[in-house]
Amino acid sequence: MAESVVSFLLEKLSSLLEDEVKLVSSFRNEVVFVKNELDRMRAFLRSADATEDHDEEIKVWVKQVREVAYDAEDIIDNFLYRFEHTKRHGFYGCLSKMARGIKNLKARRRIASKLQSIKLRVNDISEGRQRYGYKLSSTEIGSSSGTKPCYYSEVRSDARLLEEAQLVGIESKKQVLLSFLMEDALQLRVAAAVGMGGLGKTTLVSSVYNDSRVKNHFHQLQAWVNISQLFKLDEVLRQIIQQFFKATNLPLPDEVEKSTDTNFLKTTIVDFLSDKRYLVVLDDIWDVDAWEAVKVAFRNNNNGSRVMITSRIADVASTSTKDVGGQILTLNPLSSKDSWTLFCAKAFQGKACPAHLEEISRDILKRCEGLPLAIVAIGSMLATKDINRVDEWEIVHRSLRAELQGNTKLKGMQTILSLSFNDLPYHLKHCFMYLSLFPEDYSIKPNVLIRLWIAEGFIEEIEGRTLEEVANGCFNELLNRSLAQVNNRYSDGRVKSCRVHDILRETMLLKSKDQGFAAITNKENNKRLPERVRRLSVHEGTNIDASGDNQLSQLHSLLLFTKEKDVWNKFMSSFSEQGSRLVKVLDCTCAPTTTFPQSITKLYHLRYLCLRETAVSSIPPFIANLRHLETIDLKRTLVRELPSEILRLQCLRHVIVYDFRRDWILHGFKALKGMESLSSLRKLIFVEAKQGETEPMVSVGRLTQLTRLGILQLGAEHGDALFSSIHELKLLRSLSLVSRTEDEALSFQFKSFSSLRLLQRLYITGLVEKSLEGLQNLTNLSKLFLSGSRLQVDPLESLQDLPNLVSLWFEERAYDGESLCFKAGSFLMLRELRISEFENLRRVTVEDLALSHLEFMILTSCKLLKEIPSGIERLRNLQQLQLFNMAAELTTTVYRGSQHDNYSKVINIPRVFIGQW
């Protein structure tokens, strides 16, 4: 990992030497020397990164290289800050300016002196390289180890295999749980899955929870809550209530959303469940107190209700099952046979192990001690090796043997996961370690993660690819190696959120601490900060003093995951007092503030600023000081305008400003004149068009690097300029257009979309009137959302042959016709179909071989539709049919089970939901 630190510094040094800055001679000489020496070290670091865990001397040497690189980077950043400050104020003019110039010259000389000390340290480390070089050269490093590129990789077919694979060998446990949940006993009972981390407790329970038989048995009245170590009772209770109300399609009472009274929340659950059969999963309970606090909400209503829990703690499992009655399922390591099956599934993608690798593979597998997570991790790593290169497999075998001498399960798990980490290409190590900064069980948004990686400087440019595309390749590689797990997906298959297995996260936290990568404060780790901290992640429960003797002057990144006002005020005050000139990343999601802190505008190096889900309502003009800012994230804030000064920020790549929580109307920010100056923009959501002004729409067309664009408050007068601009945005992946009013006709010119060959998602809210002619050319389109379009021509004709369309939403009179016909062989890839509020719709027909992959169909508020769609029996893959607020003739037929012609076709669908609101 030290190589990535050095590589980043080398790039910065190269840029500095190429700059027009006239460095003082001694300063320039030291920069050249440090650059050249670090460049020579880099080749050795690639080998050292892969072996430092096995040799304490090399480990010390790598640590020294890492620290000197960090210190040199800080010196360079301080120089750049001084230089920028000098440029702004100048050396000449009035006497005060001249004095400032002299002061800055002295500061630059001090920096040169500091770099001289860096030179001396580099000399000493260089001698160490000569001493330890023989060890590195004599250590065989596989051709793929530490060098395997990931930028052009796609998610491999087994990227989602982790969940299924971990079920190997525990099928019998699943059957036990299924029987337990659906047995005749009417009293409330608890099933507890217990065992060490990595044995598949959550996976086992999840597979049962999502089983169609279980869902039907409990009539979809189910709730799943992650408990974790930092237990907040009101949040857990609220999540349970939210899931139950959602399952029954009831609006959530305002008092539930706002209340922190746990007795009120418990009473709400008890009253709601008094006459219902339900299933609740409490995942990852860490102590008996947590169970004692929650169990009161689950009264025995003699309806056959069940609770399932997972825990690493035997006392929790024992107490919970004794209190209510039930059974404990203790998960054990896999047998040799099941371990081998799982190993081959990951290492050879389910194929047989080649004969020449069987002996060494079985030797490696023995070290995994039957732990599913360890087998998956090491198998995924080996899947990247060349099966014809026995020497690469032998290296892995040899490394494992050395690392697993302790032979304890926890130590074995940690060392195996460390090996997976060590095998990552150097540019992925920082990316992966960054995941450990998020709280336990945190749902990490890939888009947010990618922007953070870019701001941190972890992502290197590759010709022909944007930084975001390169970063996405890195994310996919982490998924592929089973180092990150998919939490949720969007309807079009994109990853909505991911997480890191808790055992893996703990292992990475040890690495992070050992390598000085980051510090984390929380309820348990609430002491003083390390003497030198570069990245700091502040979790709930933190009450640390952010000032005092803490060395925040070297802080580069601050991620706040706490709503504690005192903590927030301390850090903002620290920024103001100490300057914190080196901060590049500031993520203050949910921070307890109503104003934009003035101290933030002093962070010259800041690249990433997130104030998402705060009460901030305005941005000061001084934001123009943040010349390096790449991301400004103001999602779910009260900001409705941005100052014109923001147009000076030429590095901006992502401008995210919108909110819809308070009145359920989507709000963005008012369009600015001159937006074309932000030529690096990749993401712009949501900008509000001004009535009568078309110039901002023309400006949008000059932002040719945009991949996502959202525009609100569109009127008829914007049409020509808007569609002319859209035609120029050839890199767009996502486009959202919302009209000013529901009666505003935008005269959509869909033929102008023909240049959008990369467009994947299209959201249109507003009157279209005519047809969708032209959209059939968007062959990359995967998701289409239309609302209020009032189309007069059947929209299916223009969409039926789109080869990648998987999600189709028609909302609020998107079509005014009386019938929809899915013609034979059409919509072959569609998986999700939603039709809502079609006032005139009377018939829906599905012809043979149409919608062959459809899994979800939702029909809502189509009052004239009195029959189940004709041909629905042909949809062999249909898993779920939802009918809400539909005609009584339709719903009554389904409820009563009459001999209606189409009734027998409906009952073959695994899940059918019928409701009113």
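Under the side-chain hydrogen bond (donor to acceptor under 3.5 Å, both in side chains) rule, Glu468 has a single partner from His654, Lys683, Arg708, which is His654.
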Item checked: Stepwise salt bridge (Lys or Arg N to Asp or Glu O under 4.0 Å) test for Glu839 and Arg790 -> CA-CA 10 Å; Glu839 296 181 354; Arg790 303 186 197 176; over 6 Å; no

Next item on the list: Assess whether salt bridge (Lys or Arg N to Asp or Glu O under 4.0 Å) is satisfied between Glu847 and Lys823, documenting all intermediate values.
Entry: CA-CA 5 Å; Glu847 295 184 354; Lys823 295 181 179 179; over 6 Å; no

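Taking the side chain as every heavy atom from C-beta outward, Phe475 and Leu449 approach each other to under 4.5 Å. At least one side-chain heavy atom of Asp211 sits less than 4.5 Å from a side-chain heavy atom of Lys174. Side chains of Leu737 and Ile726 form a contact here, defined as non-hydrogen atoms less than 4.5 Å apart. The shortest distance between side-chain heavy atoms of Asn780 and Arg733 does not fall below 4.5 Å. Looking at heavy atoms from C-beta onward, Leu802 lies out of side-chain contact with Asn804 at the 4.5 angstrom threshold.
Formation of a donor-acceptor pair under 3.5 Å by the Glu832 side chain with backbone atoms of Val806 is not found in this model. The backbone N or O of Val793 sits nowhere less than 3.5 Å from a side-chain atom of Ser771 that would complete a donor-acceptor pair. Of the possible donor and acceptor atoms, one in the side chain of Trp453 sits under 3.5 Å from a partner among the backbone N and O of Cys431.
Counted by atom type alone, Asn216 and Ser212 present zero donor-acceptor pairs between their side chains at under 3.5 Å. Counting only N and O atoms by type, the side chains of Ser443 and Asn487 include a donor and acceptor under 3.5 Å apart. At a cut-off of 3.5 Å, with distance as the only test, no side-chain donor of Gln220 or Gln222 sits close to an acceptor on the other residue.
A salt bridge is absent between Asp587 and Arg451; no separation between the charged side-chain nitrogens and carboxylate oxygens falls under 4.0 Å. Salt bridge present: Glu613 and Arg636 bring a charged side-chain N and a carboxylate O closer than 4.0 Å. Lys635 and Asp633 are not joined by a salt bridge, as no carboxylate oxygen comes within less than 4.0 angstrom of a charged side-chain nitrogen. Residues Glu855 and Arg831 are paired through a salt bridge, judged by an N-O separation under 4.0 Å between the basic side chain and the carboxylate.
Below 30°, between 30° and 60°, or above 60°: for Phe458 and Tyr434 the angle between ring planes is above 60°, a perpendicular geometry.
Cation-pi check for Lys863 over Phe838 is not met; the charged atom does not lie both under 6.0 angstrom from the ring centroid and within 45 degrees of its normal.
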Contacts under 3.5 angstrom, residues 753-766 side chains, donor-acceptor by atom type, not counting sequence neighbours:
residue : atom : partner : partner atom : Å
Ser754  : OG   : Lys751  : O            : 3.1
Ser755  : OG   : His727  : O            : 2.6
Ser755  : OG   : His727  : ND1          : 3.4

